[in-house]
Amino acid sequence: MLHRPTSLREALALKAELGEAATFHAGGTELLVALKAHVLQYDHVIDIKQVQELREIRLLDDGALRIGSLSTHHVIAHDPLVQRLLPGYADLSDHVANIRVRVAGTLGGVLCFAEPHADAPTMLCALDARIVLANTTGQRNVPSREFHVGEFATARKDDELLVSIDVPPQLPGDRSAYRPFGHTERPAVGVAAVWSPQGSQRLRLWTGAVVAVPVALCKAQEVAQSLPSQAPFDEVWRALEPVITAEAEQIDAHDDLHGSADYKKHLVTVLAQRALQECLQ
Ligand SMILES: Cc1cc2nc3c(=O)[nH]c(=O)nc-3n(C[C@H](O)[C@H](O)[C@H](O)COP(=O)(O)OP(=O)(O)OC[C@H]3O[C@@H](n4cnc5c(N)ncnc54)[C@H](O)[C@@H]3O)c2cc1C
């Protein structure tokens, strides 16, 4: 049975009442395929598309940018606030899959479905985003770094709806970039970098799609702490390349349709170079 709530409160109440026999439906780009293939089966589908409060993109009092979970990749890519404050993220959204997926697929949907070969989760980890979840008893925030816990698995409880993704304010001079590569419609590997001249953490560098959840390249981040904030790209890359290559080698990647484990590890270094170059040029 299809339900079409028009408010968040109504959507949450329906889910609480119907329990595990019901699922949320946003753009349907993943869900409908899984339902048709009988990979997933539900007695009730709660279509949340009419819940307007899940569509807002606005600044919060603490300066964070709130992106409502129903925002499609296309809307995010063309939103003036996202373009001004997070140009790297707007650019990522403009290159997800193909125009049909970008127009229908939502940010909440890609996060909740948790197919590892996705772009947004990697970038949101590098941007330190907070995932806002709600059920009938209240709301809670989960750091994006803790949201994905495995392949098709997240920290969201079954009765929780993903309300928004809140990206904290970036510092003056922060630059972010994301570089993916793949030969299917989904990325084989993606790397997100945030270079922060004034931040207490100079570099946040994450890779995604290589394993089930995004991975921080912690050693590279440590080494970057000792680099001058205005260092030219060549100097930064001389210091970081061997560290990133060694760290990529340690990732427990596997051979699959997207490429061999060795190929994916090699891509991590190549894409890290491109993302850093974009940040520092
Ligand atoms: C052909 C193809 C190519 C793709 N390529 C890429 C790519 O290159 N990069 C990339 O990043 N992604 C890619 N994707 C994934 C795409 O980003 C997602 O399909 C899309 O964003 C999912 O959003 P949706 O609104 O359609 O989710 P739906 O299909 O409606 O839902 C997906 C799942 O999330 C749950 N859900 C949805 N919204 C919420 C919510 N607010 N709260 C709680 N649960 C929720 C649903 O119950 C369901 O289980 C691709 C998808 C396809 C089909």
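Counting begins at 1 with the first residue of the sequence. Predicted model only: the values in this text are computed from it and were never measured. Just follow the structure's listing: the first ligand is 1, and inside any ligand the first atom is 1.
Which of Leu54, Thr106, Val33 comes nearest to atom 25 (O) of ligand 1 through a heavy atom is settled by distance: it is Thr106. One option in Val96, Val51, Ile46 has a heavy atom closer to atom 13 (C) of ligand 1 than any other, and that option is Val96.
Within a 6.0 Å sphere centred on CZ of Arg140, other residues, nucleotides and ligands contribute more than 12 heavy atoms. Counting non-hydrogen atoms of neighbouring residues, nucleotides and ligands closer than 6.0 angstrom, the CG atom of Leu257 reaches no more than 12 such neighbours. At most 12 non-hydrogen atoms from other residues, nucleotides or ligands lie less than 6.0 angstrom from NZ of Lys219.
Annotation: Cys112 places no N or O atom under 3.5 Å from an N or O atom of ligand 1; distance criterion only. Annotation: His73 places an N or O atom under 3.5 Å from an N or O atom of ligand 1; distance criterion only. Residue Asn98 places no N or O, backbone or side chain, under 3.5 Å from any N or O of ligand 1. Residue Glu30 has at least one nitrogen or oxygen atom sitting less than 3.5 Å from a nitrogen or oxygen atom of ligand 1, judged on distance alone. At least one N/O-N/O distance between Thr23 and ligand 1 falls below 3.5 Å. Polar contact with ligand 1: present for Ala97 (N/O pair, distance under 3.5 Å). By the 3.5 Å distance cut-off applied to N or O atoms, Leu161 is not counted among the residues near ligand 1. Geometrically, ligand 1 and Leu40 share no nitrogen or oxygen pair separated by less than 3.5 Å.
Residue-ligand proximity, Ala118 to ligand 1, at heavy-atom distances under 4.0 Å covers atoms 10 (C), 11 (O). For ligand 1, the atoms lying closer than 4.0 Å to a non-hydrogen atom of Ala26 are 25 (O), 30 (O), 37 (C), 38 (N).
Of all the heavy atoms of Leu162, the ones lying under 4.0 Å from any atom of ligand 1 are found in both the backbone and the side chain. Residue contacts with ligand 1 for Arg156 involve side-chain atoms from C-beta outward but no N, CA, C or O (heavy atoms, distance under 4.0 Å).
A side-chain donor from one of Asp166 and Ser164 sits under 3.5 Å from a side-chain acceptor of the other.
Looking only at protein heavy atoms, the nearest one to atom 51 (C) of ligand 1 is Arg186 NH2, 3.3 Å. Given atom 19 (O) of ligand 1, the protein heavy atom at minimum distance is Thr29 OG1, 2.7 Å.
Between Tyr178 and Tyr89, the ring centre distance reaches or exceeds 6.0 Å.
Each of Asp158, Leu161, Thr23 was compared with Lys15 under the side-chain contact (heavy atoms from CB on, under 4.5 Å) criterion, and only Asp158 meets it. Among Leu133, Leu124, Ile165, the single residue meeting the side-chain contact (heavy atoms from CB on, under 4.5 Å) criterion with Phe147 is Leu133.
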